[in-house]
*Asks:* 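Dropping the structure in here first, questions after.
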Amino acid sequence: MDSQGELAPAVASILEAARARPTPAERVAVTPRDLPSALARAEAAGRVPVVAEVKPTSPTTEGTDERDPVELARGMVAGGAAALSVLTEPEHFGGSVETLDRVREAVDVPVLRKDFLLEEAQLDAAEADVVLLIARFLDDLEGMLAAARERGFQVLVEVHDREELERALDAGADVVGVNNRDLANLVVNLETFESVAPHVPDDVTLIAESGIADPADAARMRRAGADGLLVGTGIVRGGGSVEANTRRLTTPMDDS
Ligand SMILES: O=C(O)c1ccccc1NCC(=O)[C@H](O)[C@H](O)COP(=O)(O)O
């Protein structure tokens, strides 16, 4: 075990690749589309607020999705997604900054850059509306949060337990994601969100991440307090078209 706790070999490999990635010299400045408002608008329109993820592959997925990410993104928006997430990590998730650029150009909803950012200069690799910062991997979370906001980004701070939640709140996070995937073994368990959510203040936008496979899972996460749901696999590998899979999740069940 290291200072970041026990990590699955795939996660250690993701971090090693992130440390080795070259950083851009020029600083970006973005005018973001607002994520909390987009989630609220979806809810007001009677939809479950879903952030749908363009996720070509991952350490827990077989094969690579070769479909055009822009077509997938358009299908997700047509299916009612309030916002999108685009993986930009290339080595383990098949993502790219170019994909993010193309998707953001093609849609008008907020787009989250999903990556494993470890240092300030890595923020400058892409223009997105929201960037993900994973509390576990950032000793100076407050510094990275400030650096991201200075560039105009909104920030989703990801946590996995109450201790990380306290660090995120102390650092000033106002959008928090609780990831149901255990970084030690990559197993997803929706109880993770349920155990952390009650401790999140009401004025923080709260997102449930990972392992949401069907409308019953979505309703369960909403009942536990999620303002938004981040869904990748259930939409891109869900059996039907991406549009149909997204609509299935954005349509409330009777009890949600
Ligand atoms: O998805 C993985 O296999 C994975 C492995 C190691 C670290 C992170 C990983 N996923 C990142 C994510 O947080 C998810 O892509 C995202 O929350 C969507 O999850 P899902 O709906 O379960 O695809």
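The figures here come from the full heavy-atom set of this structure, side chains too, leaving out hydrogens, waters and symmetry mates. Ligands are counted one by one from 1 in listed order, and the atoms in each one are counted from 1 as well.
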*Asks:* Could you identify the single nearest non-hydrogen protein atom to atom 1 (O) of ligand 1 and state the distance to 0.1 Å?
*Replies:*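 Closest protein heavy atom to atom 1 (O) of ligand 1: Lys55 NZ, 2.8 Å.
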*Asks:* Near Thr60, which atoms of ligand 1 are under 4.0 Å from a heavy atom of that residue?
*Replies:*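 The atoms of ligand 1 under 4.0 Å from a heavy atom of Thr60 are 1 (O), 2 (C), 3 (O).
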*Asks:* One residue to check: His92. Relative to ligand 1, which of side chain, backbone, both or neither has a non-hydrogen atom less than 4.0 Å away?
*Replies:* neither
*Asks:* Pull out every atom of ligand 1 sitting under 4.0 Å from any heavy atom of Leu230, numbered as shown with elements.
*Replies:*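 Close to Leu230: 17 (O).
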*Asks:* In the protein, what heavy atom is nearest to atom 10 (N) of ligand 1, and what distance, to one decimal place, separates them?
*Replies:* Arg181 NH1, 3.3 Å
*Asks:* Counting only heavy atoms from other residues, nucleotides and ligands, does the tally under 6.0 Å from CG of Asp170 exceed 12?
*Replies:*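 Yes, the 6.0 Å shell around CG holds more than 12 heavy atoms from other groups.
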*Asks:* Between Val131, Val30, Leu123, which is the residue that forms a side chain to side chain contact (heavy atoms under 4.5 Å, CB included) with Arg151?
*Replies:*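 Answer to the side chain to side chain contact (heavy atoms under 4.5 Å, CB included) test with Arg151 among Val131, Val30, Leu123: Leu123.
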*Asks:* Please check if atom CD in Glu163 has more than 12 non-hydrogen atoms from other residues, nucleotides or ligands closer than 6.0 Å.
*Replies:* no
*Asks:* What donor-acceptor contacts under 3.5 angstrom involve side-chain atoms of residues 47-58, with partners at least two apart or in another chain?
*Replies:*
residue: Arg47; atom: NE; partner: Gly80; partner atom: O; Å: 2.9
residue: Glu53; atom: OE1; partner: Ser85; partner atom: OG; Å: 2.7
residue: Thr57; atom: OG1; partner: Gly63; partner atom: O; Å: 2.9
residue: Ser58; atom: OG; partner: Thr60; partner atom: N; Å: 3.1
residue: Ser58; atom: OG; partner: Thr60; partner atom: OG1; Å: 3.2
residue: Ser58; atom: OG; partner: Thr61; partner atom: N; Å: 3.4
residue: Ser58; atom: OG; partner: Thr61; partner atom: OG1; Å: 2.6

*Asks:* For Ser58, take its heavy atoms, then give the atoms of ligand 1 lying under 4.0 Å from any of them.
*Replies:* 1 (O), 2 (C), 3 (O)
*Asks:* Please check if any side-chain donor atom of Thr205 sits under 3.5 Å from a side-chain acceptor atom of Asp227, or the reverse.
*Replies:* no
*Asks:* Nearest protein heavy atom to atom 23 (O) of ligand 1, by residue and atom, and its distance?
*Replies:* Thr233 OG1, 2.5 Å
*Asks:* Taking 4.0 angstrom as the limit and counting only heavy atoms of Val231, give me the atoms of ligand 1 inside it, by number and element.
*Replies:* 21 (O)
*Asks:* Please report the closest heavy-atom contact between Leu169 and His199, naming both atoms and the distance.
*Replies:* CD1-O, 4.4 Å
*Asks:* Who passes salt bridge (Lys or Arg N to Asp or Glu O under 4.0 Å) against Glu43, sequence neighbours left out?
*Replies:*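 Glu43 satisfies salt bridge (Lys or Arg N to Asp or Glu O under 4.0 Å) with Arg222 only.
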*Asks:* In this structure, would Val107 and Val236 fall into the same cluster of hydrophobic residues linked by side-chain contacts under 4.5 Å?
*Replies:*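 The answer is yes; both residues are in one hydrophobic cluster.
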*Asks:* I need the contact type for Asn179 against ligand 1. Using non-hydrogen atoms and a strict under-4.0 Å cut-off, is it side chain, backbone, both or neither?
*Replies:* side chain
*Asks:* For atom 12 (C) of ligand 1, find the nearest protein heavy atom and state the residue, atom name and distance (0.1 Å precision).
*Replies:* Lys114 NZ, 3.1 Å
*Asks:* What's the shortest heavy-atom distance between Leu132 and Ile134, and which atoms?
*Replies:*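 Scanning both residues completely, I find the closest heavy atoms to be CD2-CG1, 3.7 Å.
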*Asks:* Restricting to non-hydrogen atoms, name the atom on Ile207 and the atom on Leu230 that form the minimum distance, rounded to 0.1 Å.
*Replies:* CG2-N, 3.9 Å
*Asks:* If you take all heavy atoms of Val103 and Pro69, which pair is closest and at what distance?
*Replies:*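 Closest pair (atom of Val103, atom of Pro69, distance): CG2-O, 4.0 Å.
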*Asks:* Got an N/O contact under 3.5 Å between Glu53 and ligand 1?
*Replies:*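 Among all N and O atoms of Glu53, at least one is under 3.5 Å from an N or O of ligand 1.
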*Asks:* Taking a cutoff of less than 4.0 Å between a non-hydrogen atom of the residue and any ligand atom, is Pro59 in contact with ligand 1?
*Replies:* yes
*Asks:* Which one holds for Ile235 and ligand 1: side chain close, backbone close, both close, or neither close, with close meaning a heavy atom under 4.0 Å?
*Replies:*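 Neither; nothing of Ile235 gets under 4.0 Å from ligand 1.
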*Asks:* Return the residue, atom name and 0.1 Å-rounded distance of the protein heavy atom closest to atom 8 (C) of ligand 1.
*Replies:*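 Minimum-distance protein heavy atom for atom 8 (C) of ligand 1 reads Phe93 CZ, 3.8 Å.
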*Asks:* Please write down residue, atom name and distance for the protein heavy atom closest to atom 17 (O) of ligand 1.
*Replies:* Ser210 OG, 2.7 Å
*Asks:* Do ligand 1 and Gly232 have nitrogen or oxygen atoms that lie under 3.5 Å from each other?
*Replies:*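 Between Gly232 and ligand 1, an N or O pair is found under 3.5 Å apart.
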*Asks:* With the threshold set at under 4.0 angstrom, would you say Leu186 reaches ligand 1 through any of its heavy atoms?
*Replies:* yes
*Asks:* Can you pull out the closest protein heavy atom to atom 22 (O) of ligand 1? Residue, atom name and distance to 0.1 Å, please.
*Replies:*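 Answer for atom 22 (O) of ligand 1: Gly211 N, 2.9 Å.
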